[in-house]
Amino acid sequence: MKKLVALFSILATLMIVVSSCETKDPIVEKGTLQSATYNPATKSFTLTYSSGQTETVNAVVDDKTDPPTATATLKDGTVIYTGDATVAGAATIAKEINIVSQFVYDGMSLYYFWADEVKNKKPIVADVNPENYFYKILNSTDTQHGWSWITDDINSLLSGFSGEATDAFGFQPFPLYTDDTYTTIVGFIRYVYPDSPADKAGLKRGEVITKINGQTITTNNYTLLYGANAETTFTVTDQYFKNPKNVKVMPANINTDPVLYSNVYEMDGKKIGYLFYTNFYENYNASLYRVFSEFKTAGVTDLVLDLRYNPGGGISAATYLASLIAPESNVRNKDVFTVMSYNSYVNGIFDKNKWDRRDYLGDYNNAKYQDPLNANLNLNKVYVIATGSSASASELITFCLEPFMQVEHIGEKTAGKYTASWTIHAYDDFENRVQPIYVESKLTDSEKDKLKNWGMQPIVGRYTDKNNNDFIATNGLVPDYAINTQEYNTATWKPIGDVNDYLFAKAISLITGKPYQTTATRNLMIPEYKDAELYSTIESVSRQAVIIDDPKLLPPLK
């Protein structure tokens, strides 16, 4: 019995010792998460803690984005993120909802045309990338057409809407794939702005750019067609794809006056006014007034408006130009030109404040521009050249003039952009041009710094003509006189305003009654090019919707 008691005593002592050791041994804590790095080879994140410990966690790679992204969510809700899952390096650690993603939600859930669809798509901590979150919550029709837009450089966006281009060359390229592999690109030069760097370097309409800085043009470097921050060398052939040469162009900040070319032609007792208009920029309404004053002085009897490459722009410029074209009586009476429809929330605020959702002929900024009535041609017919490259405001003016006069559409079916958008910023209205979301005084300096460069250009409405008609059913304006395109064969191109140009010649034929014919061109065997649909940022935004550049500013969030 004594032996048994002794044995129990020894066991109890050992248990106490073991227990004592367990409580006294230091517990090694990982501490706080300090940094994270991503490894594309293993598709994992390595986490480093304040204790010096490291931990590896697997990443979830999203291949639907370009470039693909990688994320991992820890047990405490912390999100680890990298915006490019193909590159190794430091990753982002997020413990709370990204303030820019929250701005996206707050703006889209109020003003987006399909705002009701957004309200149950609030951002979470994992929505680290605001751009990805923005495109994730869009309406399916919007996504299909690529209408809405977000940028982290709102100043460049607004400058582009004003016709100001930074680090630009001064020509408009037409990027095309050279074959079915969709890899190699060439750029046809559609037009060159006078006195621009491209003009001074000798580049001309119809020439073909085949290389940039000695490199084949692909989707990786095509943006250099639209601008660069250093001297750029273009390998260029003539319009017959011969005589290659290298042309060096130094980019510059330029003003792109959309009134590229105008002239008056006297033929068979007719005086034909011709205007080649590249974009709808209100800043250049004075140029429109000057040209129409010249037309009026010359006694123009017929007008040809060439919008073949015009991607659109602001409704203010469209209304001003329409006021120069429409019959004088309609402009004098300030007849309704177009009607905007928004979501129920925005329409409700308009109705509550008794704001008008209509734009009127003869309505203009009289502090900056002259009365369009003074240069109005008082015609009852206009010939509009429009193609698949004519979009948004180009379609609006063509469609919304029809209730007032005969509009003869020559060319192709247009792009089908019947929507409208305005610019949204977190707190700045940029002199009444942009809709703010928050009251600036209620944001901290840190919050403003994170939000200051971001802007959205979402679809907020649709437009109709004065009678509430639209062209949604046809998804573009169908021409009255369809002309087979020659845009894929520069060998047939003529200078802008040449009477033998295949589209202008048709207008001349309709006006004068002479047979439609164009000067024969060399018959060349050329590759089957395909539109790459690759645009500059400002052209992409302009193409997608009419820009409401004078919005009624709605109250920001409290």
Side-chain angles (χ1 to χ4, degrees), residues 171-174 176 187-194 198-199 203-209 237-241 257-268 270-279 291 294-295 298 300-311 321 325 381-391 394 397-398 407-415 477 479-524 526 529 531:
F171 65 84
Q172 193 203 49
F174 181 27
L176 301 109
F188 292 176
I189 298 178
R190 284 174 157 174
Y191 57 80
V192 179
Y193 285 103
D199 183 37
L203 292 179
K204 292 180 174 56
R205 166 172 163 79
E207 292 183 323
V208 181
I209 299 174
T237 72
D238 62 24
Q239 70 184 99
Y240 304 110
F241 309 92
D257 188 338
V259 179
L260 189 78
Y261 180 85
S262 64
N263 201 357
V264 176
Y265 304 79
E266 295 192 32
M267 299 179 180
D268 297 330
K270 303 285 188 177
K271 289 189 176 180
I272 304 171
Y274 172 86
L275 170 61
F276 188 91
Y277 191 58
T278 64
N279 299 86
V291 167
E294 293 170 355
F295 287 168
V300 161
T301 58
D302 298 271
L303 176 65
V304 179
L305 176 62
D306 196 336
L307 304 175
R308 72 179 71 186
Y309 303 138
N310 192 315
L321 178 55
I325 296 173
K381 182 188 293 187
V382 60
Y383 300 85
V384 178
I385 294 173
T387 67
S389 295
S390 309
S394 288
I397 194 170
T398 303
V407 178
E408 302 287 6
H409 173 185
I410 300 165
E412 303 172 275
K413 184 178 177 181
T414 57
L477 301 177
D480 299 291
Y481 301 94
I483 306 294
N484 291 334
T485 183
Q486 295 183 20
E487 296 305 315
Y488 297 87
N489 181 6
T490 55
T492 68
W493 288 17
K494 297 296 180 183
I496 298 298
D498 191 303
V499 295
N500 291 304
D501 169 79
Y502 77 108
L503 292 173
F504 186 25
K506 180 61 178 180
I508 293 172
S509 173
L510 292 171
I511 293 168
T512 63
K514 287 187 173 181
Y516 170 55
Q517 59 184 16
T518 57
T519 301
T521 57
R522 293 177 58 183
N523 183 17
L524 297 177
I526 63 170
Y529 293 112
D531 188 347

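In this text, all values refer to a predicted model and were calculated from it rather than measured experimentally.
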Closest contact, heavy atoms only, [X] versus [Y]:
{"X": "F188", "Y": "N489", "result": "CE1-N, 4.3 Å"}
{"X": "T278", "Y": "P311", "result": "O-CD, 3.3 Å"}
{"X": "Q239", "Y": "T490", "result": "O-OG1, 2.7 Å"}
{"X": "I410", "Y": "L503", "result": "CG2-O, 4.1 Å"}
{"X": "P258", "Y": "N279", "result": "CB-O, 3.1 Å"}
{"X": "K204", "Y": "E207", "result": "N-OE1, 2.9 Å"}

Next item on the list: Provide the full list of salt bridge (charged side-chain N to carboxylate O under 4.0 Å, His left out) pairs with a residue in residues 480-490, sequence neighbours left out, each pair given once.
Entry: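 For residues 480-490: none.
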Between [X] and [Y], is any pair of side-chain heavy atoms under 4.5 Å apart?
{"X": "I325", "Y": "L303", "answer": "yes"}
{"X": "L477", "Y": "H409", "answer": "yes"}
{"X": "Y383", "Y": "I272", "answer": "no"}
{"X": "Y265", "Y": "V304", "answer": "no"}
{"X": "F295", "Y": "V264", "answer": "yes"}
{"X": "M267", "Y": "V499", "answer": "yes"}

Margin query: Applying side-chain hydrogen bond (donor to acceptor under 3.5 Å, both in side chains) as the test, list every pair that has at least one member in residues 506-516; sequence neighbours left out.
Written below: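 Residue pairs passing side-chain hydrogen bond (donor to acceptor under 3.5 Å, both in side chains), neighbours aside: D268-K514.
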Gap between atom [atom2] of [Y] and atom [atom1] of [X] - 0.5 Å precision:
{"X": "L203", "Y": "I209", "atom1": "CG", "atom2": "CD1", "value": "6.0 Å"}
{"X": "I511", "Y": "K270", "atom1": "CD1", "atom2": "NZ", "value": "8.0 Å"}
{"X": "W493", "Y": "R205", "atom1": "CH2", "atom2": "CZ", "value": "5.0 Å"}
{"X": "N500", "Y": "T492", "atom1": "CG", "atom2": "OG1", "value": "12.0 Å"}
{"X": "L260", "Y": "Q172", "atom1": "CG", "atom2": "CD", "value": "10.0 Å"}
{"X": "Y277", "Y": "L307", "atom1": "OH", "atom2": "CG", "value": "9.0 Å"}

Note to self: One pair to check against ring pair (Phe, Tyr, Trp, His ring centres under 6.0 Å): Y191 and Y261. What are the steps and the verdict?
What the structure shows: CA-CA 10 Å; Y191 57 80; Y261 180 85; over 10 Å; no
Checklist line | Distance flag, aromatic centroids of F174 and Y488, threshold under 6.0 Å | finding: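 Centroid distance Y488-F174: below 6.0 Å, so yes.
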Margin query: Closer than 4.0 angstrom, basic N to acidic O: yes or no for R308 and D501?
Written below: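 Salt bridge present between R308 and D501.
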Item checked: Partner residues of Y274 under the ring pair (Phe, Tyr, Trp, His ring centres under 6.0 Å) criterion, sequence neighbours left out ->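 If we apply the ring pair (Phe, Tyr, Trp, His ring centres under 6.0 Å) test to Y274, skipping adjacent residues, the hits are F504.
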Note to self: For Y502, give me all partners under ring pair (Phe, Tyr, Trp, His ring centres under 6.0 Å), at least two apart in sequence or on another chain.
What the structure shows: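 Y502 satisfies ring pair (Phe, Tyr, Trp, His ring centres under 6.0 Å) with no other residue.
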Check: Any sub-3.5 Å donor-acceptor pair from Y529's side-chain atoms to D531's backbone N or O?
Finding: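 Side chain of Y529 to backbone of D531: no pair is present.
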Check: Is there a donor-acceptor pair under 3.5 Å between the side chain of T301 and the backbone N or O of K271?
Finding: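 Answer holds: yes.
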Notebook entry, point to check: E294: what forms a salt bridge (Lys or Arg N to Asp or Glu O under 4.0 Å) with it, not counting sequence neighbours?
Noted result: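 Once residues adjacent in sequence are excluded, the partners of E294 under the salt bridge (Lys or Arg N to Asp or Glu O under 4.0 Å) criterion are R290.
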Notebook entry, point to check: Of the options S389, S394, S390, which is the one that meets N310 in a side chain to side chain donor-acceptor pair (under 3.5 Å)?
Noted result: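 Result for side chain to side chain donor-acceptor pair (under 3.5 Å) with N310: S394.
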Next item on the list: Only counting residues at least two apart or in another chain, list the ones meeting side chain to side chain contact (heavy atoms under 4.5 Å, CB included) with V407.
Entry: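 V407: side chain to side chain contact (heavy atoms under 4.5 Å, CB included) contacts with V382, V384, T398, L401, E402, M405.
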